[in-house]
Asker: 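Take this structure, written in structure tokens, and hold onto it; I'll ask about it next.
Order of the sequence lines sets the chain letters (A, B, ...), proteins ahead of strands, with each chain counted from 1.
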Amino acid sequence: MLTIKNLSVTVSGKEILNGLNLEVNKGETHAIMGPNGSGKSTLAYTLAGHKECVVSNGNILLNHESLLDLDTEHRAHKGLFLAMQYPVELPGVNNMTFMRESLNSIRRSKGEKEYDSLELINLIRQTAKQLKLDEKLLKRNVNEGFSGGEKKRNEILQMALLEPKLAILDETDSGLDIDALRIIANGVNMLRTPERAIILITHYQRLLDYIQPDYVHVLIDGKIVRSGDKQLALELEDKGYNWIVDGAAA
Amino acid sequence: MNLIQETTEQTVNELINNDYQYGFVTSIDSDTLPPGLNEDVIHKISAKKNEPTWVLEWRLKAYRRWLKMSDPEWAHIKYPDIDFQGISYYSSPGKAGEGPKSLDEVDPQLLDAYNKLGIPLEEQKVLSGIAVDAVFDSVSVATTFRDSLEKAGVIFCSLSEAIQKHSDLVKQYMGSVVPYSDNFYACLNAAVFTDGTFVYIPKGVHCPMELSTYFRINEANTGQFERTLIIAEEGSYVSYLEGCTAPKRDKNQLHAAVVELVAMDDAHIKYSTVQNWYPGDEQGQGGIYNFVTKRGACRGNRSHISWTQVETGSAITWKYPSCILAGDESIGEFYSVAVTRGKQQADTGTKMLHIGANTKSTIVSKGISVGHGQNTYRGLVRMTKRAKNARNHTQCDSLLLGDQCGAHTFPYIEVMNPSAIVEHEATTSKISDEQLFYCQQRGLSEEDAVSMIVNGFCKEVFKELPMEFAVEAQKLLSITLEGAVG
């Protein structure tokens, strides 16, 4: 589904990703781990088409189609979803309204019928219930005054509604207590289907206790330096990233 | 679900590539005085309207005073000198002396013009509960639903008619809130006003429908000088809506209106404006000069006046809807959204004059500057010695789109009373790239994202508008913001 070929990316003139390769098939869940500054978030932003991430080399293919010529919103229309590490606040914009506009934009782009308000309220409420989210979040403004945990849950709710083909979760576990982490993980597990691919970007092995990945990759200095199964995450937890850095150097 | 926001998406798409859709000119025989201003012109206006002597005298007094005044220069706006002798001061559709008496007599072209503006004067309005007093250029041509209002004892008619039929009321109140000598443009208006709206709500009456007036300047080079006078007697309530559109013209046109509101004990007046006069083109050619004096007097105890305005049009907007809070426990409110783009300039705000004890005022001003737009909030909060325990809360937010525009805030606060509490909050923000990225990642286009964020910014004000107006305000905002980014 997703093929990243020899990808190099600069941000503000500085090279962050440096010849990264990755292949993700549908139905798979991949975890990308790495120390601070290794380029994990840059990878997520680049996939979503953030203007600051300038692709200097390589290609990104989603279902055999290059994403590089597509704007952020058109990538979203193709089924790419990025759950953000720091979801921004949109003061005064009602959360439910935002989700409706978002969902309908994506449906329109596919030539599908837009939901009317009533269908939408029911759909959103139902989804919120499945994810055990407080309905009150729907009535508030997008992320405005939300706690860290609420913001992350709101991302998962949107992810569930938009039914992406490829979902990227950028450090969704950061700053969550154990209960919030469980709720988020349950939500993500519910969304694992044979048709959907998921990329989890995380610092910690902890998240992977709840969401068992099929593959684990270690990103260091803008490159994937090692790939394995979930055992690799446990080894990392035990030995730290230096183990790999030193190993790579040796 | 919020109906207002529901329409945003649809209207943005509907209105794309539609610069100023109200820029048509209706060709109707009109009875227009040649340009120029002197006492003779004022005599003629008064004679055409068959006015009682006291009105003519008032006009002449104002004119003589005006000659001694000069154009104010303190506002943060720039415009070339206005040639007051180049303006025609009277324009009436139809031949002189043949005022239409019912809708049947109204020129079909005129009705068509109203239809283009989306103001049907027919039955639909009954369903939406609005009575419309349409001012086409200077004379009110059609007034609907007067019957059902009359049953409630409400007087809703043109000011000219009120001068004829309710002369005592007009004489008692006209100029009592905005004296003829108040300021340069109010003074000019007093000399040459041609028509406007008169509303009288008797004691204890809750006006059974929203009252609405559409102003439309049609003739080229016609200054429009209407006056509105609304009187709410003890314990009454009225909500009044004013909407404005003007056709496209190359030359600047002057609009110098006066609005006076009077609220007695426990009376409540809600006055809403959606103003989208022609703003001129991107180079700043043409457009309306909107120099308006609006003031409400809360004369009675516990009286309440609330101004809500959405200003998206005009080359220059210069107005300060104000409240004189004379009655004890009276309440004044001002909710404003002002958008400037292209070469538009706005210097707008309010004055809250606290005189009575325990008076309260709230000011919420949202200024949006786009392109080269210049947006100024200017507000005065005065707590006089008598205004024991008076309170004011002001919130003044500016949103900038692009890096060529400007937002300016001039709050004046005068407190002469130690028990008064005045709060002022101000913010200036931009739509951040991260906000746009977030919206676009969820599938929204940049334009829809901007429109949504701006609507969110204005929500506090829009929720004060009656439903139909809130929808119109959002439409206007979407049109105004088109092409603002990217």
Asker: Inspect the surroundings of NZ in Lys360(B) and state if more than 12 heavy atoms from other residues, nucleotides or ligands are less than 6.0 Å away.
Answerer: no

Asker: Rounded to the nearest 0.5 Å, how far apart are OG1 of Thr97(A) and CE of Met452(B)?
Answerer: 7.0 Å

Asker: Does some side-chain heavy atom of His74(A) sit less than 4.5 Å from a side-chain heavy atom of Ser445(B)?
Answerer: no

Asker: Under a 4.5 Å heavy-atom cut-off, does chain A meet the side chain of Cys458(B), its backbone, both or neither?
Answerer: neither

Asker: Is chain A contacted by the side chain of Phe437(B), its backbone, both, or neither, given a heavy-atom distance below 4.5 Å?
Answerer: both

Asker: Would you mind checking which part of Pro164(A) comes under 4.5 Å of any heavy atom in chain B, side chain (CB onward), backbone (N, CA, C, O), both or neither?
Answerer: neither

Asker: So for atom NZ, which belongs to Lys113(A), do other residues, nucleotides or ligands contribute more than 12 heavy atoms lying within a distance under 6.0 Å?
Answerer: yes

Asker: Do Glu434(B) side-chain atoms and Val88(A) backbone N/O form a donor-acceptor pair below 3.5 Å?
Answerer: no

Asker: Let's test your reading of the structure: which of Val142(A), Leu90(A), Leu80(A), Asn141(A) forms the most heavy-atom pairs below 4.5 Å with chain B?
Answerer: Leu90(A)

Asker: Is it the backbone or the side chain of Leu82(A) that comes under 4.5 Å from a heavy atom of chain B, or both, or neither?
Answerer: both

Asker: Distance alone, cut at 3.5 Å: any donor-acceptor contact between the side chains of Lys459(B) and Asn94(A)?
Answerer: no

Asker: Answer yes if the ring centres of Tyr438(B) and Tyr86(A) are under 6.0 angstrom apart, and no otherwise.
Answerer: no

Asker: Show the nearest heavy-atom pair for residues Gly443(B) and Ile106(A), with the distance to one decimal.
Answerer: CA-CG1, 4.2 Å

Asker: Would you say that more than 12 heavy atoms from the other residues, nucleotides or ligands in this model lie under 6.0 Å from the CZ of Arg192(A), or not?
Answerer: yes

Asker: State, yes or no, whether a side-chain contact exists between Gln441(B) and Phe81(A) at a heavy-atom distance under 4.5 Å.
Answerer: yes

Asker: Could you check whether atom NZ of Lys270(B) has more than 12 heavy atoms from other residues, nucleotides or ligands sitting under 6.0 Å from it?
Answerer: yes

Asker: Grab the two heavy atoms, one from Ala76(A) and one from Arg442(B), that are nearest each other, plus how far apart they are.
Answerer: CB-C, 4.3 Å

Asker: Under 4.5 Å from any heavy atom of chain B, what part of Asn143(A) do you find: side chain, backbone, both or neither?
Answerer: side chain

Asker: Under a plain distance cut-off of 3.5 Å, with no hydrogens placed, do His50(A) and Gln440(B) share a side-chain donor-acceptor pair?
Answerer: no

Asker: Is there a side-chain contact between Asp433(B) and Lys51(A), using heavy atoms and a 4.5 Å cut-off?
Answerer: no

